[in-house]
Amino acid sequence: MKVMIGVFDSGSGGLSVLKELIRLMPEQEYVYYSDSAHCPYGEKTQDYIIDRARVITRLLMEKGAQIIVVACNTATAAAIATLRQEFDIPFIGMEPAVKPAALGTKSGVIGVLATAGTLKASKYLKTKGNFEDGCRIVEHVGKDFVELVERGVLEGPEAEATVRESLYPLLDEGADIVVLGCTHYPFLLPVMEREAARWASAAPGRIAEVRFIDPAPAVARQTRRVMEDSGLLPASAPAGDSSPSVQLLCSGSPDTLKTLFKLAIS
Ligand code: DGL
């Protein structure tokens, strides 16, 4: 029996999570909702995001979703507690991967890139508080990253300049690990890696290798665990046929969604 997994984000960013879900569970069915007509969520109020999350959850459940992955850090921080109270299916959320970064840093400084909404949410502040004794945590909003990805601009001078503006302050502070706290940001990873290398070679004595952490693979594994624990999936179920069925839905123009889907899932 296939399980229908609902996945949503403010836009196409959640495809970076869908990709990992499909990699882990290619035999399941997926319905993905991009709320691109209301993107970005990063600067919106909590009430606004909760309303959107409710509307999208209803729609995904009407489509048959039995479990929902909130593939958006901002929506998770703003709305997952309400969704869990109001709907009777399991929800999986995103959280900036501060723990593995804190365990892995050699410089003692970790950087977090996320939206303004995520960085000021109590969920994130609590996680941060748990690790601040062992390391210093520096943060920056990925300014215009979401807009760039939604326009499908993943390479070139504009992407490089945009990435530099938000990434370099973290590197200047000594971060050797940067947590990607927004699901749109992994689409800019190749640019980020190149810009980090450029920063390192611009002056002697700089940290030569900066690591980036995307929590999506861990979220996919957590989704599978919850499916097993809630009886949706028999424990250690064998993988079935490996061509996933994916339905893409979108509140705005589907062009970027289709392009980035091909890029992410091919
Ligand atoms: N992908 C969303 C996140 O993970 C994007 C936020 C936004 O729409 O600003 O936070």
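For ligands, and for the atoms within them, numbers begin at 1 and follow the listed sequence. Residues take their numbers from the sequence shown, with the count starting at 1.
Y41 N, 3.2 Å is the protein heavy atom nearest to atom 7 (C) of ligand 1. Protein heavy atom closest to atom 9 (O) of ligand 1, with residue, atom name and distance, is G42 N, 2.8 Å. Among protein heavy atoms, atom 6 (C) of ligand 1 sits closest to T74 OG1, 3.4 Å.
Under 4.0 Å from ligand 1, the heavy atoms of S10 that appear belong solely to its side chain. Of the heavy atoms in N73, both backbone and side-chain atoms come closer than 4.0 Å to ligand 1. Using a 4.0 Å cut-off between heavy atoms, T183 contacts ligand 1 through both its backbone and its side chain.
Contact atoms of ligand 1 toward D9: 1 (N), 2 (C) (distance under 4.0 Å to a heavy atom of the residue). Near T115, meaning under 4.0 Å from any of its heavy atoms, are these atoms of ligand 1: 6 (C), 9 (O), 10 (O).
Ion pairing between a basic and an acidic side chain is recognised when a charged N comes within 4.0 Å of a carboxylate O; E95 and K126 show no such pairing. The pair E228-R224 meets the salt-bridge criterion, with a side-chain N (NZ, NE, NH1 or NH2) lying under 4.0 Å from an Asp/Glu carboxylate O. We find that E195 and R164 are joined by a salt bridge, their nearest charged nitrogen and carboxylate oxygen being less than 4.0 Å apart.
The closest approach between a heavy atom of G13 and any atom of ligand 1 is not below 4.0 Å. For the ligand labelled ligand 1, residue H184 lies inside the 4.0 Å heavy-atom shell.
Judged purely by distance below 3.5 Å, without hydrogens or angles, the side chains of T115 and T74 pair a donor atom with an acceptor atom.
Distance check: Q222 CD to D229 CG gives 8.5 Å after rounding to the nearest 0.5 Å. Taken from CD1 in I89 to CD1 in I67, the straight-line distance is 7.5 Å, to the nearest 0.5 Å.
Taken together through direct or relayed side-chain contacts under 4.5 Å among Ile, Leu, Val, Met, Phe, Trp and Tyr, L148 and L15 form part of one hydrophobic cluster.
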